[in-house]
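For the numbers below, each heavy atom of this structure counts, side chains included, while hydrogens, waters and symmetry mates do not.
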Amino acid sequence: MDKNKHVQAIVVGAGGGGGVAAKVLATAGMQTVLFERGGWPSYDAHINDELISQRMQVLDSAFGPAWDKHPRVHVRENGERDIITAANGNYNHVAACVGSGTVSYGAMAWRFMREDFRLKTTYGAVEGSTLDDWPITYDDLEPYYSQAEWEIGVSGDDGNPFAAPRERPYPMPAFEYNRDGEYLAGVCRRMGLHPFSIPMLRNSVAYNGRAACIRNRTCCGYACPVDAKNGTQNTVIPVAMATGLCEVRTHCVVAELLVNDAGLVSGVRYFDKDGKEQVQTADVVVVSGSATETARLLLNSRSPLHPAGLGNNRDCVGRNLQGHAYTGASGLFDWDILDLSGPGATMAICDYNHHNPGIVGGGLLANEFYMLPYAFSQSRPWGEPRWGKAHKDYQRNNYRRLGRMIGPIQEMPMWDARVTVDPQVKDYWGIPVVALSGAKHPRDFEHCRFLSSKAEEILKEAGAVRTWRHTGDRPPSSFYGPSGGQHQAGTCRMGHDPATSVVNEWCKVHDVDNLFIADGSVLVTNGGFNPVLTIMALAYRTSEYIVNHYR
Amino acid sequence: MLDRRQFIKQSVAWSGCLLLPACRPDPRQRLYRTFSPEEADCLIALCEQVIPADDTPGATDAGVIFYIDNAVAHYFPKTISRYKSGVASLQAYCIGEHGSPFETLPTQVQTDIMKRMESGDLPASDGWEGVSPKSFMSMLVEHTMQGFYGPPRHGGNRHYASYRMLKLDFPLVVGQNRY
């Protein structure tokens, strides 16, 4: 049998968006090939090793990509170009394996709020930013949010008074608070705030044939030893495979999207697991490689009709790269506020997500995922000794006494925060690599100062004996260039106008009629929330459109 | 003629006599992949300053030197020359200034030297090729923390020294404890 026999659909990248797309297409009867540059994740590959976890990546990254084969370039503000690997903080790394970040994430399952789709209408234009409204609204996405919550599995309740209305309840009951969550929730209520249990893509009870969560501390940044965390690798991708119509082709690196004379995508050129060049053709192609890698693939796909890369005739691909600045405050208590019942984050407030005076958007605040011992050794208030007996004493006296309220802020998208492909540097397969350039918007720092001061108020009210804020505006952060990271988004913006966006409201590339994008790239704005559930919901919506129009 | 049993007995006896003394290593030789025993002695003293033993083990007891030795060989080969240059330059400074290598100096003197390295006050005129006293110090502190607080499978945190200190459950029993 010809391995590269023509199929109806190709999905490039088996993460949060690609896994969903493969499931919808395959269950609708479309012959699908799902490409993934990494392999299947296994718990044994990283166990509880903090130094190779997705949180720290000190020695290696258990979920890939291989450090030596996937370089990137970081362009400094002065134009100097550094070659970087996944070991560098500014690499903006996401896991490269089946499931991608959904294997190792902390699994917060946020729906965006109504305002998050209407930022420009709500707040007006922002100078120096490409802030805009989405071409779709919350109500367009609501049914797909539900579908993601039920098919992938979310635990939660209706405790958040600021959440937009929902048609269906969550499939699983909410998680209980841990000790610091319980305590800080009481403090928040006393302050007139509205704490609630964080919705999680994690099983509070046995669900979908898999066990309930055992409250591991090694959760965010790790795979789950009892498979109680729901990613695409243990939910929708197995469903796609069970149809017999979806082939998951792992360790395959897609180099280029091929274009025919009519300007349509005819398939992909890729390198298989032995490094051999192959071509797979299809009727329709969905790209879901993350905001950085999707942009790279489009930019690397040059043809006479698309000389600057697919979808890039108006120079929009790769722009508006956004992530999340994390901000908040830490507080030391004189009693053991942590019971270390994992994964740590259980309680959140959305009181500051919108309508803060002088601030565009906002961000949630949550008691943070626990730090493991090495991460904790790196976490000190400014001026505290970094080594010696004092450091050791701090470590053992305070490991259970550090309360935190942390959250992501709505960042201002920037036209010049962008992904390009480097003219010289190539990866192991000879494919030009991602070059990241740009910086954060000055208002992001203002925003961090605002949200961190609110977090500090809570910790002070809670009786912390010492508090400090994380505002991210100390000098090293400017070195990190544009925001991206695990929450990277925005590089193939959704919109009606082809002059300012790459895909239309169905996530179809404007000038290519059979090319779709299903990952964070299409997000117009990234919200003050972890974006994964929105990426999944959009992938459901996009794939349903493909099934209706291309099957 | 020897029968089979005697042959085995004798060969065991002979090999015992001949091979054992040759096998017994100098306790400090071939213990490290990257560092010479002298370099390691200096690093051990430096790491012990970063995480000193008190009523719980410090960096030496937890085998942090083995973590660093492994990690630089395996994961950070570019730092090998920085470590070697840093140690040699520090030793030259200690011998020039105090007449003896770093690891033999009194604890308080060691601490003072390291504080000066951290703040950038230590003169870096001689040696310090490719590494400054300050960057050497921050690299050393970072790697010591990784070795002491990271999991034991990379060579440090022997007998779960840091997890015991933090009263964490260990070792891992998958699905049974919360680590």
Side-chain angles (χ1 to χ4, degrees), chain A residues 43-44 46-53 56-61 67-68 85 87 178 211 213-219 222-228 336 338-344 370-380 385-393 395-400, chain B residues 46-59 62 67 70-72 74-76 78 107 110-111 114-115 117-118 137-138 140-157 160-179:
Chain A
Y43 180 75
D44 295 342
H46 63 91
I47 59 166
N48 61 341
D49 190 335
E50 186 184 3
L51 298 184
I52 60 171
S53 78
M56 297 310 291
Q57 303 169 35
V58 167
L59 296 179
D60 202 341
S61 176
W67 287 15
D68 49 342
T85 70
N178 51 0
C213 172
I214 58 169
R215 314 297 190 267
N216 252 28
R217 287 193 292 279
T218 43
C219 178
Y222 306 78
C224 179
V226 297
D227 218 11
D336 288 358
L338 304 185
D339 58 2
L340 299 184
S341 165
Y370 293 137
M371 280 186 282
L372 289 163
Y374 170 63
F376 188 65
S377 78
Q378 304 300 294
S379 149
R380 290 292 184 273
R386 312 298 294 185
W387 55 279
K389 168 118 169 92
H391 182 277
K392 189 182 179 188
D393 285 340
Q395 188 86 356
R396 68 184 140 196
N397 293 340
N398 295 323
Y399 189 58
R400 287 172 174 74
Chain B
L46 283 161
C47 295
E48 182 67 15
Q49 282 282 332
V50 173
I51 304 175
D54 40 26
D55 52 333
T56 64
Y67 168 81
N70 256 317
V72 298
H74 206 95
Y75 299 104
F76 313 124
K78 284 182 189 153
T107 308
Q110 290 183 349
T111 311
M114 287 173 73
K115 281 190 174 152
M117 283 165 68
E118 187 185 30
M137 185 66 191
S138 78
L140 179 94
V141 169
E142 201 171 301
H143 289 171
T144 305
M145 295 299 166
Q146 290 163 10
F148 191 80
Y149 292 112
R153 65 197 290 247
H154 301 292
N157 197 0
Y160 298 90
S162 65
Y163 294 1
R164 280 173 201 260
M165 181 179 98
L166 297 174
K167 300 184 177 69
L168 290 172
D169 39 1
F170 63 88
L172 170 78
V173 185
V174 173
Q176 292 298 309
N177 58 14
R178 283 172 176 174
Y179 201 79

With a 4.5 angstrom heavy-atom cut-off, which part of [X] approaches chain A: side chain, backbone, both or neither?
X: B:E48; result: neither
X: B:A53; result: backbone
X: B:V50; result: both
X: B:M114; result: both
X: B:S138; result: neither
X: B:N70; result: neither

Quick one: [atom1] on [X] to [atom2] on [Y], what's the gap to the nearest 0.5 Å?
X: A:N216; Y: A:L340; atom1: CG; atom2: CG; result: 12.0 Å
X: A:M371; Y: A:Y399; atom1: CE; atom2: OH; result: 8.0 Å
X: A:L51; Y: A:H46; atom1: CG; atom2: NE2; result: 14.0 Å

Chain B heavy atoms under 4.5 Å from A:Q395: which part of the residue, side chain, backbone, both or neither?
->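 Contact with chain B involves both backbone and side-chain atoms of A:Q395.
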Heavy-atom distances under 4.5 Å only: say whether A:D393 touches chain B with side chain, backbone, both or neither.
->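 It is the side chain, since no backbone atom gets that close.
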With sequence neighbours excluded, tell me which residues meet side-chain contact (heavy atoms from CB on, under 4.5 Å) with A:C224.
->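 With neighbours one apart ignored, the set is A:V226, A:A228, A:K229.
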Check the angle between the aromatic planes of B:Y67 and B:H143 and answer parallel, tilted or perpendicular using the 30° and 60° thresholds.
->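 Perpendicular: the ring planes of B:Y67 and B:H143 meet at over 60°.
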With chain A, which of B:R153, B:H74, B:Q49 has the greatest number of heavy-atom pairs at distances under 4.5 Å?
->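 Between B:R153, B:H74, B:Q49, the count favours B:R153.
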Under the salt bridge (Lys or Arg N to Asp or Glu O under 4.0 Å) criterion, do A:R396 and B:D54 qualify, and how do the steps go?
-> CA-CA 12 Å; A:R396 68 184 140 196; B:D54 40 26; 2.5 Å; yes
List in chain and number order the residues that pass ring pair (Phe, Tyr, Trp, His ring centres under 6.0 Å) with B:Y75, two or more places apart in sequence or in another chain; answer none if no residue qualifies.
->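 By the ring pair (Phe, Tyr, Trp, His ring centres under 6.0 Å) rule, B:Y75 matches no residue at all.
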